[in-house]
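One structure below.
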Amino acid sequence: MNRTFKAIAVAPANIAFIKYWGQKDEELNLPFNDSISMNLDNCLTTTTVEFSEKYKNDEIYFNTQPLDKIVQLPNFVNGKEEERIIKHFDRIRKIAKINLRAKIISQNNFPSSSGIASSASGFAALTLAGIKALGLNLSEKEISSLARLGSGSACRSIPDGFVFWYKGKDHESSCAASLYPADWWKLTDIVAVVSQEKKEISSLDGHQLAKTSPYFQKRLEQLPKRIVKIKKALKIKNLKFLGETIEEEAIDLHIIAMSSKPAVFYWNGATIELMKQIRKWREDGLMGYFTIDAGSNLHIICEQKQEKEINEKLINFPGVIKTIINHPGKGAKTI
Ligand code: DP6
């Protein structure tokens, strides 16, 4: 009889209000700064992991295709996906003191072409399914730290709702925890997809280049104040306060990217046109605020009572290919 250990986990992507940009430790994915995010209930990865003696190697499938046959992967980093996942599973095997290989089947509920190139949901689901399959009893904090080793932002997809990633000073202390549950504030994140192409520079490369920007230190100096503002906005549920701060923060990230050496441009023409338009819509009472990760797509944060009206405007805006509506989501769970 073959020994088999199996688990299934589902994890959300997350959108950062305060961004993680720049790594203090590239091996451990330790960030220079704390960050804050909201889980997205409509951008989920479901991952099944089965460890068994019948597998001679780790077998990885993404949306039913073997990983090594996929050239363009939406939610793992360029080319090195397989290596990165196997390395992550080696960490889990080491903790469990087991040497079994696994079959890993990962599936996104959002279209692969949506341009949401986040590995956060991918590595959060992978980590949770892996440790649960092997019966490891880790705390949420420990699971979050472990997920971080796969992809930094994945640590924020483990806890529920609105999440704070404490930058920490070593592997154990760099982990995320929930600030508020998903039902704390009826917010919406409408992803406005303006490009479905894989970004030319991965976040991984972007992190490494960040330090070469003359404005990188300046940004770090600004962050403590900005973090206090976001925490306060979440506490008192003040959209204007939250929105103005996330826009300032997103622009800052891109200033760092554009002033890195070599410069990295993530925006396209539609990104800029839409940023300007969102500000105009606010003058007409449509209170949406943008944030942008390391890509050209915008995330428009608004209150749920205005999501329909804002979504309507977005889908009719030239350059917007499609939108995806998200509400605050729970953290990673086994199913
Ligand atoms: C700009 O290294 O976690 O989204 O592995 O590509 O998902 P991926 O990225 P990761 O960096 C994320 C950078 C960011 C900001 C953020 O999510 O905090």
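When a ligand or atom number is given, it counts from 1 through the structure's own listing order.
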Near Ser153, which atoms of ligand 1 are under 4.0 Å from a heavy atom of that residue? 3 (O), 7 (O), 10 (P), 17 (O)

Can you find an N/O atom of Ser35 closer than 3.5 Å to an N/O atom of ligand 1? no

In ligand 1, which numbered atoms sit nearer than 4.0 Å to a non-hydrogen atom of Arg84? 5 (O)

Short N-O contact, Lys313 and Asp284, less than 4.0 angstrom: no

Numbering as shown, the atoms of ligand 1 that approach Ser151 to under 4.0 Å (heavy-atom distance): 3 (O), 5 (O), 7 (O), 8 (P)

Just checking, any donor-acceptor pair under 3.5 angstrom between side chains of His207 and Glu26? no

Phe32 meets the ring pair (Phe, Tyr, Trp, His ring centres under 6.0 Å) criterion, sequence neighbours left out, with Phe216

Indicate yes or no: does an N/O atom of Tyr20 lie under 3.5 Å from an N/O atom of ligand 1? yes

Identify, by atom number and element, the atoms of ligand 1 in contact range of Ser119, meaning under 4.0 Å from any of its heavy atoms. 5 (O), 7 (O), 8 (P)

Asn326 (side chain) donor-acceptor with Asn42 (main chain) under 3.5 angstrom: yes

Side-chain (Ser144) to main-chain (Glu140) donor-acceptor, under 3.5 angstrom: no

List ligand 1 atoms under 4.0 Å from His207, heavy atoms only on the residue side. 2 (O), 10 (P), 11 (O)

Is the gap between the ring centers of Tyr20 and Trp165 under 6.0 Å? yes

With heavy atoms of Ala294 as the reference, note each atom of ligand 1 found under 4.0 Å away. 1 (C)

Would you please classify the geometry between the Tyr266 ring and the Trp21 ring as parallel, tilted or perpendicular, with 30° and 60° separating the classes? perpendicular

Subset of ligand 1 atoms that lie under 4.0 Å from at least one heavy atom of Ala16: 16 (C), 17 (O), 18 (O)

Of the side chain and backbone of Arg148, name the one, both, or neither that has a heavy atom under 4.0 Å from an atom of ligand 1. neither

